[in-house]
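Count residues from 1 along the sequence.
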Amino acid sequence: MLQKNNLIKNLSYGITAYLFVFSYALCFAVSLQLNIWYALTTTIISIIISVSLKNQIFAPDTFFTVPLLLVLSSGTNSLLPFTVIGGGLIFLFLNKKCEKLTLHPAVKSGLCLSLAFSVTALLTTHYFGIGAEGFTVLEILKNYRSLGFHPNWRGVFFGTVTLFAMITYPFKFRKANKYLPAESFSLILPLFLNLILNPDKNYTPVNEIAEFADFITQDKFSFFLPSFNDEFLFSYSAYMNALQSALAMGILLLFFSHNKARTDSQGTATILNGISGGFPVRAFEIRGFSLISAIFAVLLVIYSAFFLDDIIARIPVHSLAVILIVNAWKQVTWSEISTSFKKGVLSIISLVLIFAVSVFTNIFITLLVSIILNIFLSLKEKVKGGAKNG
């Protein structure tokens, strides 16, 4: 009986892992117009690596991923695995060389706000169904202005339902959130509403996963290979953009890892996850996550991709975008923003400058400015501290 109970627990942990990780993977892959190869392999690798942690699982992290793609021009998604693997290696190298790195509150606050705003600017077009395109914050904002505000109100309804679910569910149902994560619940709810209210997707103007034929193809094996644009792959600019993105990812991981406790396995996961075209990761607590749990979760992922594609295709893309937007703002450290405003005029100017640079350029340039400001502010505070001691 005890063994049976343990098996049931292991299987339940597998279901939770599957729901949490696969939900994130779907949000990324669909919102960033990647094929299901990225969603499947990112999910599977994250789940397998999580076995070594036992009490938590990895999921793709919205905080770093979407803004990094702003640095890429059209078509560089083909080089995403190179970008992520390179970024992971750069992080591990820099982490050993910069053990005493400290991030000034103004710099960290500016980066947090910039990344969250970048995610919002890029994905608002999916939330409201506007149809805007762009690869930097400024480009997408100009596109919004030229197109005007013509939202798909049926889609906005599903996105808003997701928004309320993401904000209220984790607080109102804390125990349930441990088994059915908010990210999964916030996709399941609009999915059921869409199936009930719009039973035939061919006769409803809801913006679901429109190009789902590309995301989940008829050939059930072709989606395990990334799509490559041969002409683009041989262009010099493609590799320069990918290199910039890898550097940006490595520096971002370095900055934020020094403000949170990270394990060696997390660094390993970041690199291995890149093989799938995946993303940096963060942990979700699951007590007693085991190999049996992981195997069951992987089987559920494969089953969903092969046999539940018609149902998954009915998830409104509005909802997928909202989950990424909400999680990006959850990462903003409001207490440190408050601290920055108390540290004087230079601290405030630095925060505002980092945010402004992120709007008019890209994340790579923003990080260069942040590094310079961090060095300047740190030296200034050391001089000030030395003067007081003297």
Between [X] (side chain only) and [Y] (backbone N and O only), is there a donor and an acceptor less than 3.5 Å apart?
| X | Y | answer |
| --- | --- | --- |
| S340 | S347 | no |
| N194 | R314 | yes |
| Y144 | A121 | yes |
| S338 | W334 | no |
| H318 | H126 | yes |
| S109 | A106 | no |
| N10 | Y13 | no |
| T42 | A39 | no |

List the residues meeting side-chain contact (heavy atoms from CB on, under 4.5 Å) with [X], not counting sequence neighbours, and say none if there are none.
| X | answer |
| --- | --- |
| L163 | Y127, I167, V322, V326 |
| S184 | L19, S23, L180, P181 |
| A294 | I47, V51, F289 |

Any side-chain donor near an acceptor of the partner, [X] and [Y], under 3.5 Å:
| X | Y | answer |
| --- | --- | --- |
| S290 | S293 | yes |
| T162 | S319 | yes |
| S304 | Y18 | yes |

Mind checking whether [X] and [Y] have side chains closer than 4.5 Å, heavy atoms only?
| X | Y | value |
| --- | --- | --- |
| F157 | L197 | yes |
| F22 | I312 | yes |
| S350 | K343 | no |
| F91 | M249 | no |

Out of the candidates [options], only one should pair with [X] under the side-chain contact (heavy atoms from CB on, under 4.5 Å) rule; please name it.
| X | options | result |
| --- | --- | --- |
| I363 | L115, V357, V137, L368 | L115 |
| I45 | I49, I48, T43 | I49 |
| V107 | V369, N374, L351, I375 | N374 |

Find out if a path of hydrophobic residues (ILVMFWY) with successive side-chain heavy-atom gaps under 4.5 Å connects [X] to [Y].
| X | Y | value |
| --- | --- | --- |
| Y179 | V301 | no |
| I15 | F307 | yes |
| V21 | L299 | yes |
| L11 | Y303 | yes |
| I196 | L189 | no |

**Request:** Hey, could you give me each pair passing ring-ring contact (aromatic ring centres under 6.0 Å, His included) that has a residue in residues 92-119? Not counting sequence neighbours.
**Result:**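 Every pair satisfying ring-ring contact (aromatic ring centres under 6.0 Å, His included) with a residue in residues 92-119: F117-F355.
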Considering non-hydrogen atoms only, spot the tightest contact between [X] and [Y] and give its length.
| X | Y | result |
| --- | --- | --- |
| L138 | F360 | CD2-CD2, 3.9 Å |
| T125 | A132 | OG1-N, 2.8 Å |
| I325 | V119 | CA-CG1, 4.0 Å |
| A297 | G14 | CB-O, 3.3 Å |
| F28 | L324 | CE2-CD2, 3.8 Å |
| C27 | L187 | SG-CD1, 4.3 Å |

**Request:** Report the hydrophobic cluster partners of I349, with the cluster defined as I, L, V, M, F, W, Y residues connected by side-chain heavy atoms closer than 4.5 angstrom, directly or transitively.
**Result:**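 Direct or chained contacts put I349 with V345.
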**Request:** With side chain to side chain contact (heavy atoms under 4.5 Å, CB included) as the test, would you mind laying out the steps for I371 and F255 before giving the verdict?
**Result:** CA-CA 10 Å; I371 291 170; F255 275 3; 3.7 Å; yes
**Request:** Evaluate the criterion side chain to side chain contact (heavy atoms under 4.5 Å, CB included) for residue pair F376 and I372; output intermediate values, then yes/no.
**Result:** CA-CA 6 Å; F376 175 75; I372 295 169; 5.5 Å; no
**Request:** Tell me, yes or no, whether the heavy-atom count around K142 atom NZ, taken from other residues, nucleotides or ligands under 6.0 Å, exceeds 12.
**Result:** no
Straight-line distance of [X] [atom1] to [Y] [atom2], nearest 0.5 Å:
| X | Y | atom1 | atom2 | result |
| --- | --- | --- | --- | --- |
| I286 | K9 | CD1 | NZ | 14.0 Å |
| L308 | I302 | CG | CD1 | 13.0 Å |
| L193 | I188 | CG | CD1 | 12.0 Å |
| L89 | L94 | CG | CG | 11.0 Å |
| L253 | L92 | CG | CG | 9.0 Å |
| L252 | L247 | CG | CG | 11.0 Å |

**Request:** Starting from the C-alpha separation in whole Å, work towards a yes-or-no answer on side chain to side chain contact (heavy atoms under 4.5 Å, CB included) for N198 and R154.
**Result:** CA-CA 10 Å; N198 306 304; R154 291 197 186 193; 3.5 Å; yes
**Prompt:** What pairs with R287 under salt bridge (Lys or Arg N to Asp or Glu O under 4.0 Å), at least two apart in sequence or on another chain?
**Reply:** E285
**Request:** Evaluate the side chain to side chain contact (heavy atoms under 4.5 Å, CB included) criterion for residues N177 and Y169: first the C-alpha distance (whole Å), next the side-chain angles of each, then the deciding distance (0.1 Å), finally the verdict.
**Result:** CA-CA 7 Å; N177 189 53; Y169 177 80; 3.5 Å; yes
